[in-house]
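Read through the structure below, which is laid out as structure tokens, and then see the notes.
All of these numbers come straight from a predicted model, not from anything done at the bench. Position 1 is the first residue of the sequence, and the numbers go up from there.
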Amino acid sequence: MKIIAIIPARYASTRFPGKPLAMLSGKPVIQHVYEKVSAMIPDAWVATDDKRIFQAVEQFGGKAVMTRTDHQSGTDRIQEAVIKIGSDADVVINIQGDEPFIRTSQIETVCRLFDDPQTQIATIGKLFTDMDATDNPNSPKIVTDTRGFALYFSRSVIPFVRGVEHKDWMSHYPFLKHLGIYAYRKEVLGEITQLPQSALEKAESLEQLRWLENGYRIKVGRTDVETIGIDTPEDLQRAEIFLKENRD
């Protein structure tokens with residue numbers, strides 16, 4: 001199975017403009033991500049709409065491809081990049097450009113999900129450890145079937161545990177947090193980027209609901225580790241401390 005990794009990286013960000021080029025332990029954030037990914041998947045590319053990011057990637061020896069500025073989602077940017085590169089890969093992995101602590105084990109888990117021929121799209125989840133985190137609408141939840149295929153994703157806490165006080169729900173059900181790494185069979189990626197927005201997607205503001213609503217199957221792997229995403233300057237400061245503590 002031939003795999004290509006695409007790392008979407010935009011310069012514009014409401015909470016943290018220029019985030020991919022922010023310095024973390026002496027290197028741009030995007031370089032940390034690229035080095036982690038390319039160590040496992042040599043055919044790794046950064047897909048960006050900004051020449052500054054493109055040039056930065058080439059300067060540290062990475063591969064980059066310019067994409068349009070008007071994409072509505074990272075998935076659309078991934079598809080354009082795959083076409084421009086002319087890739088003949090079987091599977092395309094989408095790893096966010098603000099995940100400098102992505103683990104090799106997480107990438108391996110996603111790749112292994114395609115051993116199942118029924119897997120069209122793959123992602124991963126991690127069990128929540130407390131109800132406060134589970135209640136956070138910024139952390140989407142996943143419910144799967146007995147074979148590990150996603151039934152639904154929601155910003156609400158799902159499922160509802162009837163007859164139990166909310167604070168005790170975790171002792172009655174293993175709530176699963178969605179982590180934002182995706183992989184797609186190449187032909188499926190081409191199909192899902194042609195779909196119009198769906199009602200569920202608009203309601204929850206979760207793109208993956210468009211795929212489920214149109215009948216695509218998403219296999220969900222499990223991980224025991226949680227990466228530290230960088231969404232704000234404060235996240236960058238925490239990441240710097242994390243690196244320092246783990247280096248020491």
Side-chain angles (χ1 to χ4, degrees), residues 5-41 44 46-50 52-53 56-57 59-60 62 64 73-74 77 93-110 123-142 153-157 170 174-182 205-208 220-248:
I6 308 291
I7 306 166
R10 295 172 59 248
Y11 190 90
S13 170
T14 303
R15 290 185 289 178
F16 195 172
K19 177 172 54 177
L21 300 182
M23 299 303 290
L24 174 62
S25 191
K27 294 189 290 190
V29 168
I30 192 64
Q31 184 173 352
H32 285 275
V33 181
Y34 185 88
E35 290 175 349
K36 286 283 186 67
V37 175
S38 62
M40 181 177 176
I41 304 174
V46 173
T48 185
D49 60 358
D50 191 276
R52 289 165 290 188
I53 297 174
V57 173
Q59 284 173 2
F60 65 68
S73 70
R77 192 176 309 284
I93 296 185
N94 173 359
I95 298 169
Q96 297 303 310
D98 58 2
E99 291 279 355
F101 303 110
I102 187 76
R103 300 290 187 90
T104 298
S105 63
Q106 295 173 318
I107 299 174
E108 289 175 340
T109 296
V110 169
T123 191
I124 57 175
K126 178 183 180 297
L127 291 176
F128 282 100
T129 57
D130 62 80
M131 275 311 298
D132 285 341
T134 309
D135 286 332
N136 184 352
N138 294 317
S139 294
K141 273 63 72 175
I142 318 171
F153 296 78
S154 182
R155 295 186 183 279
S156 298
V157 181
M170 292 201 71
F175 294 98
L176 190 63
K177 176 182 179 178
H178 181 223
L179 303 183
I181 174 175
Y182 289 108
S205 190
L206 295 174
E207 183 186 14
Q208 60 269 36
V220 181
R222 297 289 186 96
T223 179
D224 293 328
V225 293
E226 186 166 359
T227 57
I228 301 174
I230 297 177
D231 294 319
T232 66
E234 291 73 26
D235 291 337
L236 183 67
Q237 293 175 1
R238 285 191 285 270
E240 193 74 61
I241 294 170
F242 177 83
L243 272 180
K244 185 177 184 301
E245 289 176 346
N246 283 271
R247 188 166 52 238
D248 295 343

Closest heavy-atom pair and its distance - L206, P140: CD2-CG, 3.8 Å

Heavy-atom check, side chain of T48 versus side chain of V57, under 4.5 Å: no

Candidate pair E240 and S25, rule side chain to side chain contact (heavy atoms under 4.5 Å, CB included), full reasoning: CA-CA 6 Å; E240 193 74 61; S25 191; 3.6 Å; yes

side-chain hydrogen bond (donor to acceptor under 3.5 Å, both in side chains) partners for T232, two or more places apart: E234, D235

Q106 and its side chain to side chain contact (heavy atoms under 4.5 Å, CB included) partner, picked from L179, I95, D224: L179

Nearest heavy atoms of P8 and R77, plus distance in Å: CB-CD, 4.2 Å

Non-neighbouring partners of S139 that pass side chain to side chain contact (heavy atoms under 4.5 Å, CB included), sequence neighbours left out: F128, N136, K177

Side chains of L21 and R52 in contact at under 4.5 Å (non-hydrogen atoms): yes

Closest non-hydrogen atom pair, R10 against D49: CA-OD1, 3.8 Å

Exercise: identify the closest heavy-atom pair between G97 and I7: CA-CG2, 3.5 Å

Side-chain donor/acceptor of Y34 to backbone N/O of V46, under 3.5 Å: no

side-chain hydrogen bond (donor to acceptor under 3.5 Å, both in side chains) partners for D98, two or more places apart: K19

Pairing residues for K36 by the salt bridge (Lys or Arg N to Asp or Glu O under 4.0 Å) criterion, not counting sequence neighbours: none

Step-by-step side chain to side chain contact (heavy atoms under 4.5 Å, CB included) determination, L243 to F101: CA-CA 9 Å; L243 272 180; F101 303 110; 3.6 Å; yes

Heavy-atom side-chain contact between Y182 and I93 under 4.5 Å: no

Side chain proximity check, T123 to Q208, heavy atoms < 4.5 angstrom: no

Where R15 and P233 come nearest, the two heavy atoms and their spacing: O-CD, 3.6 Å

Distance in Å, I230 CD1 paired with R238 CZ, rounded so as to fall on 0.5 Å steps: 10.0 Å

Shortest non-hydrogen contact between A5 and V37, atoms and distance: CB-CG1, 3.5 Å

Side-chain donor/acceptor of K141 to backbone N/O of F153, under 3.5 Å: no

Short side-chain to backbone donor-acceptor contact, R103 and S105, under 3.5 Å: no

I107 side chain reached by I102 side chain, heavy atoms, under 4.5 Å: yes

F16 vs D231 side-chain heavy atoms within contact, under 4.5 Å: no

Verdict with reasoning, N94 to I181, per side chain to side chain contact (heavy atoms under 4.5 Å, CB included): CA-CA 6 Å; N94 173 359; I181 174 175; over 6 Å; no

Side chain to side chain contact (heavy atoms under 4.5 Å, CB included) assessment of F175 paired with L127: CA-CA 6 Å; F175 294 98; L127 291 176; over 6 Å; no

Contacts of type salt bridge (Lys or Arg N to Asp or Glu O under 4.0 Å), residue E108, not counting sequence neighbours: none

Partner set under side chain to side chain contact (heavy atoms under 4.5 Å, CB included) for E35, not counting sequence neighbours: K27, Q31

Spatial distance of atom CD1 (I30) from atom CD (E99) [nearest 0.5 Å]: 11.0 Å

